[in-house]
2 protein chains.
Amino acid sequence: MRECMDALATAYRDAAEGAALNGRRSDMLTRTVRPDAVYCLKLVGGVVPSLGIGSLRLNSDILTFPETDGKRRKVKVPAAPGERWVGLVLLFSTETGEPLAIFPDGVVQRFRVGGASGLAVRHLAREDARVAAIIGTGWQAGAQAMAVAVARPLDEIRCYSPNPESRSRFAQEMTAQLGVRVVPAASPEAAVKGADVVLCATNSLQPVLRREWLEPGMHVGSIRDRELPPEVLKAVDRVIIHDPDNMGSDHLVIAKGVEYREGTKEIVTDPELAALARAPSLAELVAGKVPGRSRPDEITCFLNYHGVGYQFAATGAVLYAKARAAGAGRELPGEWFTETVHP
Amino acid sequence: MRECMDALATAYRDAAEGAALNGRRSDMLTRTVRPDAVYCLKLVGGVVPSLGIGSLRLNSDILTFPETDGKRRKVKVPAAPGERWVGLVLLFSTETGEPLAIFPDGVVQRFRVGGASGLAVRHLAREDARVAAIIGTGWQAGAQAMAVAVARPLDEIRCYSPNPESRSRFAQEMTAQLGVRVVPAASPEAAVKGADVVLCATNSLQPVLRREWLEPGMHVGSIRDRELPPEVLKAVDRVIIHDPDNMGSDHLVIAKGVEYREGTKEIVTDPELAALARAPSLAELVAGKVPGRSRPDEITCFLNYHGVGYQFAATGAVLYAKARAAGAGRELPGEWFTETVHP
């Protein structure tokens with residue numbers, strides 16, 4: 001995670017100079033065989049010239065939208081043989097153009113989300129932050145815990161999930177992995193109370209943080225735009241967004257007759273909150289174009305919504321270098337993936 | 001080529017119904033190690049539900065811009081090991097999401113360009129067309145010859161290149177391949193005179209067709225927007241464009257300080273010609289939403305500029321089926337390209 005955060009910092013600095021590129025994202029949705037499902041092909045590219053890497057991240061998903069408590073939830077069905085999901089990252093050399101690697105996206109996906117949250121903690125949390133709260137105990141929550149532990153020398157991480165077993169398991173596993181005491185909290189309020197950093201990483205359709213739980217000097221992070229209710233966003237002193245390109249929905253290419261709501265984007269319907277789309281970006285923060293925390297009692301907030309293409313070039317570069325060093329993976333002939341014909 | 005044209009026809013019919021999708025194209029340009037070159041990562045996706053295929057086409061290119069006769073020309077440098085280019089197509093199942101194939105793009109690239117031109121010939125050329133002229137004798141010109149020979153039972157194809165050796169070689173090779181007499185012409189005018197179908201497939205920076213060479217009842221095609229001068233476009237009776245999405249340049253994501261001109265798009269600076277961006281599309285023509293040729297003496301024109309993402313799903317589906325039937329290619333474990341982790 002430390003190496004991913006460093007590579008991501010390089011990427012964001014490149015981006016702040018206009019050198020790293022976030023490709024135009026494209027989510028294509030059309031019918032599949034199952035009448036209650038939708039096929040979605042999702043592509044995003046990125047290039048980080050200082051790392052010499054171009055990247056593509058793609059997902060080829062069968063989506064369903066079951067209703068829970070009257071609300072539709074998006075579920076990716078593991079419909080590939082062996083009940084598996086399909087997400088891939090491809091890396092290319094910006095020097096020769098050649099393909100360097102192809103691998104599933106799941107691991108780098110959470111490292112890039114966690115790494116971005118970790119960089120925000122590095123720049124926005126108090127230097128003396130020692131207690132973190134993680135709301136959520138799933139796959140993404142694990143990466144948030146790794147990242148905050150890299151960004152600050154922590155004494156304690158509290159974790160909360162509505163499921164007591166999940167929070168116990170998470171506490172045990174992450175304590176062993178991070179060498180930091182991770183303790184389950186009986187309520188989100190108990191997790192947050194007195195914490196210096198609060199990171200939300202849930203699949204919740206409902207807000208997970210309340211305005212009255214905010215304390216002076218806190219840093220708050222969120223990876224999904226339902227997690228923080230409007231009153232929390234209005235109550236914090238400063239907001240940093242991931243990338244202004246990510247606040248719209250022009251990446252959607254939807255077949256006629258396909259019903260699809262992402263269940264996000266609600267943020268932009270409130271004019272006061274819509275202004276957040278013009279808040280400073282993580283790239284500007286990491287590159288020092290906007291200042292980090294200004295006062296010990298400031299409440300800061302990082303909205304880590306949606307991906308930026310070049311995050312996969314950065315975290316992929318770390319994975320690739322480590323795989324090469326460890327002799328992991330399988331070497332395939334380069335000629336299979338290049339051509340003598342002018343394309 | 002016949003199978004590709006049939007698959008493309010399915011794709012265009014899906015597109016006309018809003019079911020096939022052309023993803024948002026993204027061309028990312030930033031610096032590379034060579035100071036006189038630019039790195040370009042190009043992505044476009046597509047889905048054809050009636051074929052059950054989603055596709056991605058990508059190019060990872062090192063571009064240079066040498067000057068010839070005072071004009072800058074875009075040259076893709078084969079910079080990958082073994083002096084090779086990097087272009088790939090990935091295919092996915094819309095039923096399971098699983099990856100089906102990955103292969104270099106060069107061959108399907110020309111079949112999709114040729115196939116689209118062939119469909120236009122099928123709908124716009126006179127039924128009794130027996131003589132075709134191909135301006136250009138390169139890689140793309142070969143696919144144009146294949147396509148026109150599928151679309152109409154030809155007596156003769158004339159070919160022209162400024163290089164006499166190229167046109168002789170092309171004539172000889174294509175005669176053998178197509179079973180149609182292909183003859184070299186000493187001038188473009190000689191090739192065009194009396195031809196029923198004229199297809200331009202060159203790398204020329206200058207127009208290759210003159211207004212005074214147009215004859216009643218001709219069908220004209222072009223794969224690059226420098227080939228037909230404005231006066232030709234104004235003189236023809238009907239124009240069909242490939243896709244209205246392809247007439248702009250919003251797909252370009254260019255790093256700060258990188259100088260890049262595509263050398264195309266000139267068409268849209270002339271208001272009269274800019275209206276062509278609203279001309280009927282090939283999808284509308286193939287689906288019968290706009291009529292084909294209306295009179296024997298009508299001069300028709302198809303502008304086959306730029307790619308549409310779903311063309312790679314269609315031509316790729318043909319290649320994939322043929323490769324499976326022939327036992328060609330290499331079977332790789334599906335688990336390498338899928339995952340148990342929710343992405």
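Within every chain, numbering begins at 1; the chains are lettered A, B, ... in the order of the sequence lines, protein sequences first and strands thereafter. Reckoned from all heavy atoms, side chains included, excluding hydrogens, waters and symmetry mates.
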Quiz prompt | Expected output: side-chain A:S60 to main-chain B:E98 donor-acceptor under 3.5 Å | solution = no

Quiz item: Would you say the side-chain atoms of B:R31 pair up with the backbone N or O of A:P49, donor to acceptor, closer than 3.5 Å?
Solution: no

Quiz item: Under 4.5 Å between any side-chain heavy atoms of A:I62 and B:T96, yes or no?
Solution: no

Quiz item: With chain B, which of A:L88, A:V77, A:I254 has the greatest number of heavy-atom pairs at distances under 4.5 Å?
Solution: A:L88

Quiz item: Could you walk me through whether A:W336 and B:I102 pass the side chain to side chain contact (heavy atoms under 4.5 Å, CB included) check?
Solution: CA-CA 9 Å; A:W336 292 5; B:I102 177 169; over 6 Å; no

Quiz prompt | B:E95 side chain to A:V33 backbone, donor-acceptor under 3.5 Å | solution = no

Exercise. Could you tell me whether the side chain of B:E339 and the main chain of A:G106 form a donor-acceptor pair under 3.5 Å?
Key: yes

Self-check item: Heavy-atom pair count under 4.5 Å with chain B, highest-scoring of A:G45, A:G329, A:C40
Solution: A:G45

Quiz prompt | Option in A:G46, A:G138, A:G309, A:A37 with maximal non-hydrogen atom pairs under 4.5 Å from chain B | solution = A:G46

Quiz prompt | Residues B:V341, A:W85; criterion side chain to side chain contact (heavy atoms under 4.5 Å, CB included); working and verdict | solution = CA-CA 7 Å; B:V341 159; A:W85 287 282; 5.8 Å; no

Quiz item: Does B:Y39 offer a backbone N or O that forms a donor-acceptor pair with the side chain of A:T94 under 3.5 Å?
Solution: no

Quiz prompt | Choice from B:K42, B:R34, B:E335 maximising heavy atom contacts with chain A below 4.5 Å | solution = B:E335

Exercise. Evaluate the side-chain proximity of A:F337 to B:V86: yes if any heavy-atom separation is below 4.5 Å, no if none is.
Key: no

Practice problem: Flag the one option from B:R84, B:R110, B:K256 with the top tally of heavy-atom pairs under 4.5 Å to chain A. | Solution: B:R84

Practice problem: For each of B:N59, B:L29, B:D61, B:V44, tally heavy-atom pairs with chain A at distances under 4.5 Å, and name the one with the top tally. | Solution: B:L29

Quiz item: With chain A, which of B:G82, B:G334, B:G52, B:S93 has the greatest number of heavy-atom pairs at distances under 4.5 Å?
Solution: B:S93

Quiz item: With only heavy atoms counted, which part of B:L90 is less than 4.5 Å from chain A, the side chain, the backbone, both or neither?
Solution: side chain

Quiz item: Do B:S26 side-chain atoms and A:G23 backbone N/O form a donor-acceptor pair below 3.5 Å?
Solution: no

Self-check item: Pick from B:T338, B:L332, B:V258 with the largest number of heavy-atom pairs that fall under 4.5 Å of chain A
Solution: B:T338

Self-check item: Contact summary for B:A19 and A:A255, nearest pair of heavy atoms
Solution: O-CB, 3.9 Å

Exercise. Measure the spacing between OG1 of A:T30 and CG of B:L21 and express it to the nearest 0.5 Å.
Key: 5.0 Å

Quiz item: B:N22 and A:V253: side chain to side chain contact (heavy atoms under 4.5 Å, CB included), yes or no, with the steps?
Solution: CA-CA 8 Å; B:N22 180 29; A:V253 181; over 6 Å; no

Quiz item: Which atoms form the tightest heavy-atom contact between A:R25 and B:R24, and what is the distance?
Solution: O-NE, 2.8 Å

